[in-house]
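Down below is the structure, laid out as C-alpha cells.
Naming: A, B, ... by sequence-line order, numbering from 1 per chain. The analysis underlying the following values was restricted to heavy atoms, covering all of them including side chains, and did not include hydrogens, waters or symmetry mates.
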Protein chains: 2
Amino acid sequence: MPKVRNTKQRQIILRVLKGTNTHPTADWLYQKVKDKIPNISLGTVYRNLGVLKEQELIQELRHAGSQSRYDGNPQPHYHFFCLDCGRVEDVILPYSEQMDQDFQSQMPEYAVFGHKTEFYGCCPGCKKRKQEEE
Amino acid sequence: MPKVRNTKQRQIILRVLKGTNTHPTADWLYQKVKDKIPNISLGTVYRNLGVLKEQELIQELRHAGSQSRYDGNPQPHYHFFCLDCGRVEDVILPYSEQMDQDFQSQMPEYAVFGHKTEFYGCCPGCKKRKQEEE
DNA sequence: GTACATGCAAATTATTTGCAACAGG
DNA sequence: CCTGTTGCAAATAATTTGCATGTAC
C-alpha cells in the first residue's frame, strides 16, 4: 500500500465534502473546490475521492441512472433517494447488525462484511408539490 | 405512455435474463442473445432493458466500480456482492416490510415506496481460495 | 398504414489515465 | 531528493441517441 501525502487539494476536497450533507457528485465538488483552488482539475478530484475512499474516510454511493455521489461520513448508515428530484438524504434509522446476523445464519458459507440499504420514494418537497398539482 | 410492442428481440432478451441467476450485465446479455439473433445490436439490448425495467418486468442493480447488472426477478429481494470476484447472488432473506414501516415512523413527511439492500463480503469460493493461500 | 422498434454508427456522459512538471515529508 | 501528486489533455468505458429502414398490430 503506497504512502499517502497530505496535499492541499485533498484536504480541501475532504473539508468541502464533510461540510455538506447533499451527498454531492464529483462534478459538484469540483465546482466548489475551484473557489478555493481555481486551477484544480476534475481528474484530481476523482483521484482524491478514490484515495479517500480507499482510506475509508468517505464512501461512494451509486444509484441507477446517475453519476456516483459521495458521502463524507464513512460510518455505515442508510440513505433515502428521492425518485422525483434525485435528492439523497441520510436516514434516521440505526444500522441493523441484526440483518448481518440473519444473513450469516441463512448463508453460513459466506463471509459478510456488512450491507448497504437505500430507501426510495418521494421527499417532503416533492410530495407537497405533487399534492398541489392535483 | 407509448404502446409497447412484443418484438422478437425483447422476448428473447427477457427469456435469456429470466433464464439465468448470474445477474448479468448488458454486454453479457448482448453476447448471449446474439446466438439467437446474430445481427442484434447492443443499442437494442440497452433500449429493451430500459423498456422492461419501465414495465417492471426486471430490475437494474448498480454497484460502485462496475457496470449495471440486471435481474429477471422484479420482486423486491436482497442481493449479495462478492468484493473479490464481483459475483452477485440472491439472498435468502425475506424482504423486510418492517424496515419500511420503521422508516415511515421516523420520517413521516416522506413517502417511502421501498428499499434496496445489498450485502457485501466474500462468497464461498473466494473465501475458500483465500484460506488456502494463507 | 401507422407508429413503435431495429441496426448501425456516431455522440454523449462519467470516469480514468499518461505524462511532464510540481511539491510534501 | 525521492516519490506521490498535480494539471492538462487525451483515452476509455458504459450507455444513449439520430436516422433511415423494418415490422408488429
Side-chain angles (χ1 to χ4, degrees), chain A residues 1-17 22-71 81 86 88, chain B residues 1-17 22-71 81 86 88:
Chain A
M1 193 170 297
K3 287 189 188 90
V4 169
R5 275 179 201 167
N6 190 21
T7 65
K8 191 177 153 199
Q9 284 84 345
R10 185 138 58 230
Q11 280 172 26
I12 294 185
I13 290 167
L14 183 56
R15 192 179 321 142
V16 171
L17 180 52
T22 60
H23 305 84
T25 61
D27 200 66
W28 187 96
L29 283 166
Y30 170 57
Q31 300 299 335
K32 285 292 169 188
V33 173
K34 263 210 295 203
D35 294 347
K36 308 279 171 69
I37 310 176
N39 70 332
I40 195 172
S41 77
L42 184 54
T44 296
V45 173
Y46 273 108
R47 267 186 291 230
N48 277 304
L49 289 170
V51 171
L52 292 168
K53 193 168 56 150
E54 199 87 359
Q55 310 292 115
E56 299 184 56
L57 294 172
I58 68 173
Q59 54 180 312
E60 184 182 358
L61 309 178
R62 264 198 142 197
H63 193 71
S66 66
Q67 64 251 63
S68 282
R69 286 165 164 271
Y70 297 86
D71 188 333
F81 287 73
V88 179
Chain B
M1 193 171 296
K3 287 189 186 91
V4 170
R5 277 180 198 165
N6 190 21
T7 64
K8 193 177 152 201
Q9 285 83 347
R10 184 138 59 228
Q11 281 171 27
I12 295 186
I13 291 167
L14 184 57
R15 192 179 321 141
V16 171
L17 181 52
T22 61
H23 306 84
T25 62
D27 199 67
W28 187 96
L29 284 165
Y30 170 58
Q31 300 299 335
K32 286 291 169 189
V33 173
K34 264 209 295 202
D35 294 348
K36 308 279 171 68
I37 310 174
N39 69 333
I40 196 173
S41 76
L42 183 54
T44 296
V45 173
Y46 273 108
R47 267 186 290 231
N48 277 304
L49 289 170
V51 172
L52 292 167
K53 194 169 54 151
E54 200 86 358
Q55 310 292 116
E56 299 185 55
L57 294 171
I58 68 172
Q59 54 181 310
E60 184 182 359
L61 310 177
R62 266 199 141 197
H63 193 72
S66 66
Q67 65 251 62
S68 281
R69 286 165 163 272
Y70 296 87
D71 189 332
F81 288 73
V88 180

Atom pair CD/CD of B:Q9 and B:Q11 - distance to nearest 0.5 Å: 9.0 Å
Checking all strands, does B:N48 fall into the base, sugar-phosphate, or nothing category for heavy-atom contacts under 4.0 angstrom? sugar-phosphate
With the threshold set at under 4.0 Å for non-hydrogen atoms, list the residues of residues 34-43 of chain A touching DNA chain C in residue-number order. A:L42, A:G43
Angle between terminal axes - the helix from C:dG1-D:dC25 to C:dG25-D:dC1, 5 pairs each end, rounded to 10°: 50°
Would you kindly give the NZ-to-P distance between B:K3 and C:dA5, to the nearest whole Å? 11 Å
Yes or no on side-chain contact (heavy atoms from CB on, under 4.5 Å) for B:I40 and B:I13, after CA distance, side-chain angles and deciding distance? CA-CA 11 Å; B:I40 196 173; B:I13 291 167; 4.3 Å; yes
Show the atom names and distances, to 0.1 Å, of all donor-acceptor pairs under 3.5 Å that link a side chain in residues 28-38 of chain B to residues at least two apart or in another chain.
none

Work out which heavy atom in A:R69 is nearest to a heavy atom in A:H23; give both atom names and the distance. NH1-O, 2.7 Å
Between B:V88 and B:D71, is there a side-chain heavy-atom distance shorter than 4.5 Å? no
I need a per-nucleotide contact map over nucleotides 18-25 of chain C, read 5' to 3'. Cutoff is protein heavy atoms under 4.0 Å; write B for the base, S for backbone only, - otherwise. B----BBS
Separation of C:dA5 atom C1' from B:I13 atom CD1, nearest Å, is 11 Å
Within this structure, what is the CD-CG distance for the pair A:E60 and A:L52, rounded to the nearest 0.5 Å? 12.0 Å
Distance-only check: which donor-acceptor pairs under 3.5 Å involve side-chain atoms of residues 41-51 of chain A, not counting sequence neighbours?
from  : atom 1 : to    : atom 2 : distance (Å)
A:S41 : OG     : A:T44 : N      : 3.4
A:S41 : OG     : A:T44 : OG1    : 3.2
A:N48 : OD1    : A:R10 : NH1    : 2.5
A:N48 : ND2    : A:T44 : O      : 3.0

B:Y30 OH to D:dA14 C1', straight-line distance once rounded to whole Å: 14 Å
Between C1' of D:dA14 and NE2 of B:H63, the distance in whole Å: 17 Å
For D:dT23 and B:Q9 - does any side-chain N or O of the residue sit under 4.0 Å from the phosphate oxygens OP1/OP2? no
Quick test: give all pairs of protein nitrogen or oxygen and nucleotides 10-14 of chain C nitrogen or oxygen below 3.5 Å, distance rounded to 0.1 Å.
from   : atom 1 : to    : atom 2 : distance (Å)
C:dA14 : OP1    : A:Q67 : OE1    : 3.1

What distance separates B:L17 CG from B:Y70 OH, expressed to the nearest 0.5 Å? 10.0 Å
Using modelled atom types only, decide if a donor and an acceptor are shared between the side chain of B:R62 and the backbone of A:R62 within a distance under 3.5 Å. no
